[in-house]
Amino acid sequence: MLKTALLVLTLTDDGATRVTLSEQAGAEDCALARTTVTAILTQAGRPPLAAVCGETALRLTPFEHGAAPDTEVNRYRVELPASGGFTVEPLAGGDTCTPAPEATPAVHCGRSAQKVLTGN
């Protein structure tokens with residue numbers, strides 16, 4: 001089942017891309033969350049690489065602020081089509097990901113402390 005979610009890509013202190021995905025109640029809530037998160041990150045001097053609302057069947061554990069970098073062991077491949085939305089695919093241990101942020105669709109490879117949830 002598809003759910004509305006906010007995808008945020010940011011840079012970590014070591015220059016890697018962090019992936020966060022947070023479920024939203026609907027498109028309006030997602031747009032408000034995107035505006036709020038973008039403003040907070042920008043004011044903190046860390047504007048997001050991307051903050052995109054879309055629909056996804058992928059469910060992740062909730063995002064926790066202040067997670068230690070060593071907990072960001074989950075890897076994801078993110079596509080951002082020019083038409084909007086996103087796709088996020090978990091990467092297995094040996095899977096590779098080649099970033100192409102200027103391509104269409106843009107491809108980002110990132111890590112997260114958030115884990116994939118299975119089931120409903």
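Quick note: residue numbers are just sequence positions, from 1.
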Item to check | Arg77 vs Val107 side-chain heavy atoms within contact, under 4.5 Å | outcome: yes
Item to check | With Asp14 via side-chain contact (heavy atoms from CB on, under 4.5 Å) - residues at least two apart | outcome: Thr12, Ala16, Arg111
Checklist entry - Would you call Lys3-Glu55 a salt bridge at under 4.0 Å N-O? => result no
Checklist entry - Does the side chain of Val78 reach to within under 4.5 Å of the side chain of Thr87, using non-hydrogen atoms? => result no
Checklist entry - Could you go step by step and tell me if Gln114 and Thr20 meet the side chain to side chain contact (heavy atoms under 4.5 Å, CB included) rule? => result CA-CA 7 Å; Gln114 293 178 273; Thr20 61; 3.6 Å; yes
Next on the checklist: With a 4.5 Å cut-off on side-chain heavy atoms, are Leu60 and Tyr76 touching?
Outcome noted: yes
Checklist entry - Where is the tightest heavy-atom contact between Ala31 and Cys53, given as atom of each residue plus distance? => result N-SG, 3.7 Å
Checklist entry - Side-chain contact, heavy-atom cut-off 4.5 Å: Leu11 with Leu49? => result yes
Checklist entry - Roughly how far, to the nearest 0.5 Å, is the CG atom of Leu7 from the CG atom of Leu80? => result 6.5 Å
Checklist entry - Sequence neighbours excluded, which residues qualify as side-chain contact (heavy atoms from CB on, under 4.5 Å) partners of Ser22? => result Leu6, Gln24
Item to check | Non-hydrogen atoms of Ala113 and Ala67 that approach each other most closely | outcome: CB-CB, 4.1 Å
Checklist entry - What distance separates Cys97 SG from Arg75 CZ, expressed to the nearest 0.5 Å? => result 7.5 Å
Item to check | Pairwise side-chain contact, Leu58 with Val116, heavy-atom cut-off 4.5 Å (strictly under) | outcome: yes
Item to check | Residue pair Ala51 / Thr38: nearest heavy atoms and the distance that separates them | outcome: CB-OG1, 3.6 Å
Checklist entry - Nearest heavy-atom pair of Pro81 and Pro105: which atoms, and what distance? => result CA-CB, 3.7 Å
Checklist entry - How about Val8 and Val19: do any of their side-chain heavy atoms sit closer than 4.5 Å? => result no
Checklist entry - Looking at CZ of Arg59 and CE of Met1, how far apart are the two atoms once the value is rounded to the nearest 0.5 Å? => result 9.5 Å
Checklist entry - Hey, which of Thr4, Leu21, Val88 is the one that makes side chain to side chain contact (heavy atoms under 4.5 Å, CB included) with Thr56? => result Leu21
Next on the checklist: Using side-chain heavy atoms (C-beta onward) and a distance below 4.5 Å, is Glu72 in contact with Ser112?
Outcome noted: no
Next on the checklist: Counting C-beta onward and ignoring hydrogens, is there a side-chain heavy-atom pair between His108 and Pro99 closer than 4.5 Å?
Outcome noted: no
